[in-house]
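First comes the structure, then the notes that go with it.
All chains are named by letter (A, B, ...) in the order of the sequence lines, taking the proteins before the strands, and each is independently numbered beginning at 1.
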There are 2 protein chains.
Amino acid sequence: MEAMSIKQAAVRTGLSEDTIRYYEKIDLLPRATRNRSGRRVYGADDLELMVFITHLKSAGMSLEVIKYYLSLSLEKDPNAASERLVLLTEQKELLESKIAELQAAHKVLEHKVEHYTEVCLPEKLRPQKETTPK
Amino acid sequence: MEAMSIKQAAVRTGLSEDTIRYYEKIDLLPRATRNRSGRRVYGADDLELMVFITHLKSAGMSLEVIKYYLSLSLEKDPNAASERLVLLTEQKELLESKIAELQAAHKVLEHKVEHYTEVCLPEKLRPQKETTPK
DNA sequence: TTATAACTTGGAGTTGACTCCAAGTCAACC
DNA sequence: GGTTGACTTGGAGTCAACTCCAAGTTATAA
């Protein structure tokens, strides 16, 4: 249960095997340990890292930036910690504004859903003069 | 103020001129009206549409899906409205789950920021936790 | 009048993030 | 010992979404 193949790791993380290999190729993931016959073996930490990457990615962070961030986290140098703090804080703020933007878009859609529900449900009603974007 | 060039439209919307032309090329935007000398002229509606597109885009909608959505909005057929409602609702739900995911990632980052604040700053110099955050 | 700048077009090139492929290796089962 | 199937590698191909380019046109300024 602890050590698993790339296939299992793919199932667990939702990434494809190719994507995991690709991430290793571009040094986003560290080179996975191999077993005697040269195959990749993953543990819980590896999975955790992959999942964390998917989170940052869905937050709109590019792989390049994620890589930089992770490189800081591997630094032994204590100075790196403060640099990482800056990056983290920046990213956190970026995330906050992105969430706000999505919530705004969400509001627009919600408003439109309401509008169209009104239009669709009572069948007698027709869409009157639509403000059709030209 | 009402009619403007592609350059001004680009500044107003945050899109590049090339991107606006590209959107027209792939029929995401309708062919802009041209002036006597064949140059694109944009009005307030056009800008509004572009901004709306950027919102949907930042909500994770692909240009292809946005295009489909806009094609429905141009339909005179009232049946299109219900189809559009379905699409909107789907998109709204997708947005909700995306927001939730971002909030989860945000939490992780926040947690890490706290951790690194501890590591980096001598305890006594640390900013006090705000009791009344703005 | 000529130079400059702001556009126009179709099409080619770039980037990021995969996704697929061919050829080879290895372990396990028949 | 041979076949199967899950892996390995480097590299090529794909896709969305731009981004840039060359060649041509038009309007204004010097």
Side-chain angles (χ1 to χ4, degrees), chain A residues 3-43 46-47 49-71 91 94 98, chain B residues 3-43 46-47 49-71 91 94 98 101 105:
Chain A
M4 62 183 74
S5 69
I6 191 171
K7 183 166 215 166
Q8 290 169 308
V11 170
R12 291 298 192 92
T13 59
L15 297 169
S16 74
E17 297 176 43
D18 265 321
T19 298
I20 293 173
R21 277 189 286 259
Y22 167 69
Y23 283 178
E24 183 178 317
K25 184 148 53 180
I26 65 170
D27 292 321
L28 178 59
L29 289 174
R31 184 178 161 80
T33 55
R34 314 288 157 122
N35 64 14
R36 252 177 263 86
S37 49
R39 294 185 191 174
R40 291 170 178 85
V41 179
Y42 297 100
D46 300 307
L47 287 222
L49 179 53
M50 290 181 209
V51 169
F52 188 60
I53 287 173
T54 63
H55 283 147
L56 294 182
K57 202 155 59 77
S58 91
M61 223 161 158
S62 76
L63 299 188
E64 210 46 53
V65 172
I66 294 174
K67 189 161 132 186
Y68 173 63
Y69 166 76
L70 292 177
S71 79
Q91 212 54 41
L94 191 147
K98 187 143 192 169
Chain B
M4 62 183 75
S5 69
I6 191 171
K7 183 167 214 166
Q8 290 170 306
V11 170
R12 291 297 193 91
T13 60
L15 298 169
S16 75
E17 298 176 42
D18 265 321
T19 298
I20 293 173
R21 277 187 286 258
Y22 167 67
Y23 284 179
E24 183 178 318
K25 184 149 52 179
I26 64 170
D27 292 322
L28 178 59
L29 289 174
R31 183 178 162 81
T33 55
R34 315 288 156 123
N35 66 13
R36 251 177 263 85
S37 50
R39 293 183 191 175
R40 291 169 178 84
V41 179
Y42 296 99
D46 299 307
L47 287 222
L49 178 54
M50 289 181 210
V51 169
F52 187 59
I53 287 172
T54 64
H55 282 148
L56 294 182
K57 202 155 60 79
S58 92
M61 224 162 158
S62 76
L63 299 189
E64 209 46 52
V65 172
I66 295 174
K67 190 161 130 187
Y68 173 63
Y69 168 75
L70 291 178
S71 78
Q91 213 54 41
L94 191 147
K98 190 151 187 167
E101 198 179 359

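Distances shown here put every side-chain N or O of B/Arg40 at or beyond 4.0 Å from the OP1 or OP2 atom of C/dC7.
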Detail all sub-3.5 Å separations between protein N/O atoms and N/O atoms belonging to nucleotides 2-4 of chain D.
none

Heteroatom pairs (N/O) under 3.5 angstrom, protein to nucleotides 16-23 of chain C:
unit_1, atom_1, unit_2, atom_2, d
C/dA17, OP1, A/Leu63, N, 3.4
C/dC18, OP2, A/Tyr23, OH, 2.6
C/dC20, N4, A/Asp18, OD1, 3.3

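Following rounding to the nearest Å, B/Ile53 (CD1) and D/dA17 (C1') show an atom-to-atom distance of 14 Å. What separates CG of B/Leu28 from P of D/dC18 is a distance of 9 Å, to the nearest Å. As rounded to whole Å, 16 Å separates atom C1' of C/dA5 from atom CD1 of B/Ile6. In this structure, CZ of A/Arg34 is placed 15 Å from P of C/dA27, rounded to the nearest angstrom. Rounded to an integer number of Å, the gap from B/Glu24 CD to D/dC18 P is 15 Å. Between the CZ atom of A/Arg21 and the C1' atom of D/dA12 there is a distance of 16 Å, rounded to whole Å. Rounded to whole angstrom, the span from the CD1 atom of B/Ile26 across to the C1' atom of C/dG11 amounts to 16 Å.
With sequence neighbours excluded, no residue satisfies side chain to side chain donor-acceptor pair (under 3.5 Å) with A/Ser62. Under the rule for a side chain to side chain donor-acceptor pair (under 3.5 Å), B/Thr13 has no partner lying at least two apart in sequence or in another chain. Applying the side chain to side chain contact (heavy atoms under 4.5 Å, CB included) test to B/Lys57 and every residue at least two apart in sequence or in another chain returns B/Tyr23, B/Leu63, B/Ile66. In this view, B/Lys25 satisfies the side chain to side chain contact (heavy atoms under 4.5 Å, CB included) rule with no residue, not counting sequence neighbours. Legend: residues meeting side chain to side chain contact (heavy atoms under 4.5 Å, CB included) with B/Asp18, ordered by chain and number and at least two apart, are B/Ser16, B/Arg21. For the salt bridge (charged side-chain N to carboxylate O under 4.0 Å, His left out) test, residues two or more places apart in sequence or in another chain that qualify with A/Arg34 are A/Glu24.
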- [ ] Take nucleotides 25-30 of chain D nucleotide by nucleotide from the 5' end and write B, S or -, depending on whether a protein heavy atom sits under 4.0 Å from the base, only from the sugar-phosphate, or from neither.
- [x] -BS---
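Relative to the side chain of A/Lys7, the nucleotides D/dA6, D/dT9, C/dC7 differ in distance, and D/dA6 lies closest.
Between A/Leu28 and A/Ile53 the shortest heavy-atom distance is CG-CD1, 3.9 Å. Taking all atoms of both residues into account, the shortest heavy-atom contact from A/Ala9 to A/Tyr42 is CB-CD1, 3.9 Å. Shortest non-hydrogen contact noted between A/Ala32 and A/Val41 is CB-O, 4.4 Å. Contact detail for A/Met50 and A/Leu15: the closest heavy-atom pair is CB-CD1, 4.1 Å.
Environment of CD in A/Glu64: sparse, with no more than 12 heavy atoms of neighbouring residues, nucleotides or ligands closer than 6.0 Å.
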